[in-house]
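Each ligand, and each atom within it, is numbered from 1 in the order the structure gives.
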Amino acid sequence: MKSSKDIKVQETFPEGFLWGGATAANQYEGAYNEDGKLPSVADVQPHGVFGYPDRSAKYYPTHKGIDFYHHYKEDIAEFGAMGFKVYRTSVAWSRIFPTGEEDQPNEKGLEFYDKMFKELKDNGMEIMITISHYEMPLHLADKYGGWKDRKMIEFFDKFVTVMAKRWKGIVKYWLTFNEIGNNIHKMEWMTAGIDPTTSTLQDNYQASHHQFVASSMAVKTIHEIDPDAKVGSVIEYKTIYPMSCDPKDSLVVTTEKQRGYFFSDVQIRGEYPGYAWEYFKDNDIEIEYTDEDMELIKNYPVDFLSFTYYRSRIASKDYLESVQKETNSSDKEVEGDTSYRGDDNILNTGKTNPYLELTPSGWSVDPDGLYLALEDLYGRYQVPIFIAENGLGVKEELIDGTVNDTYRMEFLRDHIISMKKAIRNGVDLFGYAWWGPIDIVSNGSGQMSKRYGFIYVDRNDAGEGTLKRYRKKSFYWYKKVIASNGEDLEIDK
Ligand code: BG6
């Protein structure tokens, strides 16, 4: 006879847990036209406007970012000093293939990443690369309308093959598309290079299909070139609560969740789920695909799931109906967290959750929502999970050469407690990346003043400043947390 008493519960973070941070090339590298790089879709997004290209604006925050391109050594040394075990970032596609259509890659672009990756390795970090993080060569968006066109699959595969060969044994983790998912309906330009003023649901889902095929092809290519590398999916996850105990509100939650699960279901389970075909039928969406596409999707699912988590939202049947009436059933607007564009409020009900505090930019602070997310996703997929992003962005001032950001430590502490609880409950969580360990340009607003970092960068929203870096108080705290593998969460006030 055996006893459950002999079963070991994983009481805390497993040994080798990957603590670290995450960034994206277009939000911090700068050097947007150096060493052969040509513009990407991100390089025509002006400050203050999100998701829309504008080629006549005066100021584009991504052009200089925080000039990581010329500061990478010093910045990586700081990540190393915090004890990072993993660093997630992206490779700017237009550094490697400036237009996307060249036959040969741009050697100078590859060399930059060679040097940067060496620095990361020397500082003790595993490297996790997002292949496409809200950018692609501008040329591909202009000439082909982005991912609407099937040809994108070929261009992407060429990019993936070059990287997988070059960084075999160096990059251990690859992520195919940042936040593949519903974001395509509210950030068509960044996610897929689709003109947001004319896009349709049809375009967006066709583009997603092309990305699914490209993602599976990337899994195949990377595994063939480097059998030890792991390839994951990144979805955006916001925990959704029903507004009330009216079962109709829970039905809305289920439908909303399916809109999001769709992307991970295809990438992990290897097939289109039944509710997707139903949705396409009901919304008159016609996806063109080949049998080979579906074979590829089936045979090459991702190895692990990662997700970004910042906040939760609520859904209600009344709100859904009122929006459907107003917008003449435009599913696009019902689905989209429209407030996100303006970055002023959080919930697609137009109401805030009375049980949760909000950040100054109106995002709910919900560590329990992270626990629920982990339970939900692990319960659904049973594959290893990595938290690709989580963080707190606020306006901050440098006082006496530092920022006393106790609120950031509290935010992180509470999310770590949720992670620990999920691990104890059997969730296979293998790592966590804080978003923006150094202040970078906000993706949503183009602001520098929405600061997430443990390191402050002297640069303002107008692009002025010395670019000098300063450690915030949270720098030392995160270092202690990592050194104790998540055990020492004490905050000295
Ligand atoms: C994630 C994106 O959704 O949110 C990042 O992957 C982004 O690119 C992050 O920066 C935080 O959002 P924001 O708008 O505050 O930069």
J.: On the 0 to 90° scale, with breaks at 30° and 60°, tag the Y60-H63 ring pair as parallel, tilted or perpendicular.
T.: parallel

J.: Does N178 have a heavy atom less than 4.0 Å from any atom of ligand 1?
T.: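 The answer is yes, since N178 has a heavy atom less than 4.0 Å from ligand 1.
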
J.: Hey, looking at atom 9 (C) of ligand 1, which of Y310, Y452, Y28, W363 has the closest heavy atom?
T.: Y310

J.: Would you say W435 has any N or O atom under 3.5 Å from an N or O of ligand 1, going by distance alone?
T.: yes

J.: How long is the straight-line distance from CZ of F17 back to CD1 of I423, given to the nearest 0.5 Å?
T.: 5.0 Å

J.: Validate the cation-pi geometry between R471 and F454: distance from NZ or CZ to the six-membered ring centre under 6.0 Å, angle to the ring axis within 45°.
T.: no

J.: State the atoms of ligand 1, each with its element, that fall below the 4.0 Å cut-off from a heavy-atom position in H133.
T.: 5 (C), 6 (O), 8 (O)

J.: I need the atoms of ligand 1 closer than 4.0 Å to a non-hydrogen atom of S442, numbered in the order shown.
T.: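 Numbered from 1, ligand 1 contributes 13 (P), 14 (O), 15 (O), 16 (O).
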
J.: When you measure from the centre of the six-membered ring of Y456, is the NZ or CZ of R469 closer than 6.0 Å and no more than 45° off the axis?
T.: no

J.: Going by distance only, is there an N or O of N443 that falls short of 3.5 Å from an N or O of ligand 1?
T.: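 Among all N and O atoms of N443, at least one is under 3.5 Å from an N or O of ligand 1.
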
J.: Compute the minimum heavy-atom distance from E236 to ligand 1 and say whether it is under 4.0 Å.
T.: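 Per 4.0 Å heavy-atom rule, E236 does not contact ligand 1.
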
J.: Please list, in number order, the atoms of ligand 1 under 4.0 Å from a heavy atom of E179.
T.: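 Near E179, meaning under 4.0 Å from one of its heavy atoms, ligand 1 has 1 (C), 2 (C), 3 (O), 6 (O).
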
J.: When you measure from the centre of the six-membered ring of Y241, is the NZ or CZ of R313 under 6.0 Å away and within 45° of the axis?
T.: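 So R313 doesn't make the cation-pi contact.
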
J.: Do K121 and W167 meet the cation-pi criteria used here (NZ or CZ under 6.0 Å from the six-membered ring centre, within 45° of the axis)?
T.: no

J.: Need the ligand 1 atom indices (1-based, order shown) with element for anything under 4.0 Å from a heavy-atom of Q27.
T.: 5 (C), 8 (O), 10 (O)

J.: Going by distance only, is there an N or O of G444 that falls short of 3.5 Å from an N or O of ligand 1?
T.: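 Min N/O separation from ligand 1 is below 3.5 Å for G444.
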
J.: Does K158, at its NZ atom, have more than 12 non-hydrogen atoms belonging to other residues, nucleotides or ligands within less than 6.0 Å?
T.: yes

